[in-house]
Protein chains: 2
Amino acid sequence: MKFEAITIKDIAKALHLSVSTVSKALRGSHEISEETKKHVLAYANEHNYKPNPIAQSLKRGLSKSIGVIVCNIDNNFFSAVINGIESVARQKDYNVIITQSQESYEREIANSEHLSSRSVDGLIISLSAETKRVDHLIKLHDKGLPMVFFDRITDEIATHKVIADNFKGAYEGTRHLVQQGFRRIAHITSSSSLSITLERLEGYKKALADAGLTFEEKYIKLCPHGGMIKEETQQALTELLQMKDRPDAIFTASDRLSTTTLSLLRKMQIEVPQQIALVGFTNSISADIFHPSLTAVVQPALEMGQLATDLLIQLIEAKRPVTEFQKRVLDTELQIRDSSLRAK
Amino acid sequence: MKFEAITIKDIAKALHLSVSTVSKALRGSHEISEETKKHVLAYANEHNYKPNPIAQSLKRGLSKSIGVIVCNIDNNFFSAVINGIESVARQKDYNVIITQSQESYEREIANSEHLSSRSVDGLIISLSAETKRVDHLIKLHDKGLPMVFFDRITDEIATHKVIADNFKGAYEGTRHLVQQGFRRIAHITSSSSLSITLERLEGYKKALADAGLTFEEKYIKLCPHGGMIKEETQQALTELLQMKDRPDAIFTASDRLSTTTLSLLRKMQIEVPQQIALVGFTNSISADIFHPSLTAVVQPALEMGQLATDLLIQLIEAKRPVTEFQKRVLDTELQIRDSSLRAK
DNA sequence: CTGAAAGCGCTAACAC
DNA sequence: GTGTTAGCGCTTTCAG
């Protein structure tokens, strides 16, 4: 089975014109008489002619589509980013092809190779938690494939980048816990190779330092798969809770980590915030109905997606090679709820 | 800027062969000598040759990509379905292009037209809440575009369909409330034009009937935009709560409606389940950490996506027109949590 | 103002 | 076993 559509040739035949005349007429060229144009347009509309985008792509060497690689769609942060990507792409008449790395380095490589080789005009990427080397992307970038990074970025490729103000977000989240009177604040975060991990860690450290609290290495727990593997989070949490100077608060660094931590605490019947407080990065639309409602550092996910797409399309459509690259840092928002409030 | 890649022609030139020889060698044709094949393969590998998928598509008249139209990605049910679609598509070497209707009829039409006209080989669709007529899809289907419906389906197009057992899911959810001792059970649901609305309503009614409870029209509240517009849900809820024989339980029919209802009840400081119990269709991965944890009718979203994709690819790759269509009905699961438990 | 023809990268008859 | 050629649908010189 295949889908049959009307082509320029069909129109030409029906109207006793040449294909080139029809082609020009359809695109409103000045060299075609008004009358001919009218005929052609009328016939095209009537028969619902749509140019074959594949043929156009082959001709132009551009596919009018952009590829997206995120770790996982099933995550409020990334789905909101994709929402943003989609809206801008649609408006500029680009298709969006979404792929997931599932935090796997292998799959990230496979996806990037699949998406490249002419089938997309550019790439929007957030690195997987497992990714430590970006040679696969450097190779594509060197060959001229435009790309924009967001959220989990790399310094090794010179191109546009869009991130939230991770330092500030983490700083504010941690400072809030300090202000509430918590003193032993743990930090559960992702793979140490991710840019966001470092930035958020720095914000956390600074907030402690500014409050005169000493930073304790033992309170930092890494989850190399960013919460995709529940056991990692379980393990991190268990270790924290077994310490003799057990933390009185936790600051989690990502969407999945935040919800998983809350879920695990609940299973262990540990009361939040009475026994341990919690603040986390999350874009969950349900943070207000969690038990307890979750104090959240929220990223402007939609805007990040929109901006990344704008920047990518600029790169794709640039007449001359772009040499000045932007690193856009958008503000986060701290939404204070019950999970971080000091019991009176 | 555009992405330059090596072509068959380049290989042919370098090896002093013809393009057809190279083409055949690359696909391991028997008519090519082992030696030539070896040379060609070696050169291709070395220079990282990848066939241009656009040219292949144009040639074959197939794009090896499938289009998806869902109302919204930012929703645990749909993102999980997409996860399923993606996994099967990837495995069978198809690209997935995801679009969102945002529950808008207009956008559904625009998306379906955009995706068709040869740029995708088939469509996987869940209808928007606003959609009452499916002429736009009938037109495409009649032209030979394979499509598979899931979740929100239509009877007007003869093709494969994949749904959850909405009747049974709603029946079990409602019966559970009855068993817990609730008697005035309201039902907040989506647009009356959606198949899922009807099926779930029937399950709800049957459960009441089997329990000897009389069905009350006034306890049914429709949200024509399926929860996308918060005010609709707000309105529905307010009306229910102001009744003099106010419901003692609510059964919500979709992901968004369930979380929005819970959120609104919390804002109004109405205790769940003490003042009103709640059971809802939802695939939220966080239902266990809601306040209270939410009793959920869960759909096998991943499997639905996988199955729909399998069926679609069968249609696309069928040698002869398919005339026997399947309607696959997958089981739902009732996860009982606190929101529906009768206070002792 | 209109048409013929080349070519985007690839495949597949059909020659040789 | 290898090469020539036509053609997928479209755009774009270049002639007429």
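Naming convention: chains lettered A, B, ... in sequence-line order (proteins, then strands); numbering from 1 in each chain.
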Mapping B:K37 and B:A55 onto DNA chain D by nearest heavy atom, which one lands closer to the 5' end?
B:K37
Hey, does the side chain of A:N111 reach the backbone of A:E108 with a donor-acceptor pair shorter than 3.5 angstrom?
no
In whole Å, I'd like the distance from the CG atom of A:L58 to the C1' atom of D:dG7.
12 Å
Which part of the nucleic acid does B:T36 contact within heavy-atom distance under 4.0 Å: base, sugar-phosphate only, or nothing?
sugar-phosphate
Rounded to the Å, how far apart are B:I32 CD1 and C:dT11 P?
13 Å
In whole Å, what is the span from the CD1 atom of B:I6 to the C1' atom of C:dG9?
13 Å
Nearest whole angstrom, please: distance from the P of C:dC1 to the CD of A:E35.
11 Å
Between P on D:dG9 and CD on B:Q56, what's the gap in Å once rounded to a whole number?
17 Å
Considering only nitrogen or oxygen atoms on both sides, find all protein atoms under 3.5 Å from nucleotides 12-15 of chain D and state each distance.
none

Check the side chains of B:N95 and B:S65 for a donor-acceptor pair under 3.5 angstrom, ignoring hydrogens and angles.
no
Please list all pairs passing the side-chain hydrogen bond (donor to acceptor under 3.5 Å, both in side chains) test where one or both residues lie in residues 17-31 of chain B, with sequence neighbours left out.
B:S18-B:S20, B:S18-B:T21
Which of residues 38-45 of chain B sit near DNA chain C, with a heavy atom under 4.0 Å from it?
none
B:K37 and B:E34 ion-paired at < 4.0 Å
yes
Check whether more than 12 heavy atoms from other residues, nucleotides or ligands sit under 6.0 Å from atom NE2 of A:H136, and answer yes or no.
yes
Calculate the interatomic distance between A:N52 atom CG and D:dG7 atom P; express it in whole Å.
18 Å
I'd like to know whether the aromatic ring centres of B:Y43 and B:H39 sit less than 6.0 Å apart in this structure.
no
May I ask you to decide whether B:E113 forms a salt bridge with B:K139, counting only side-chain N to carboxylate O separations under 4.0 Å?
yes
Using 30° and 60° as the class limits, which term best fits the ring planes of A:F77 and A:F150: parallel, tilted or perpendicular?
tilted
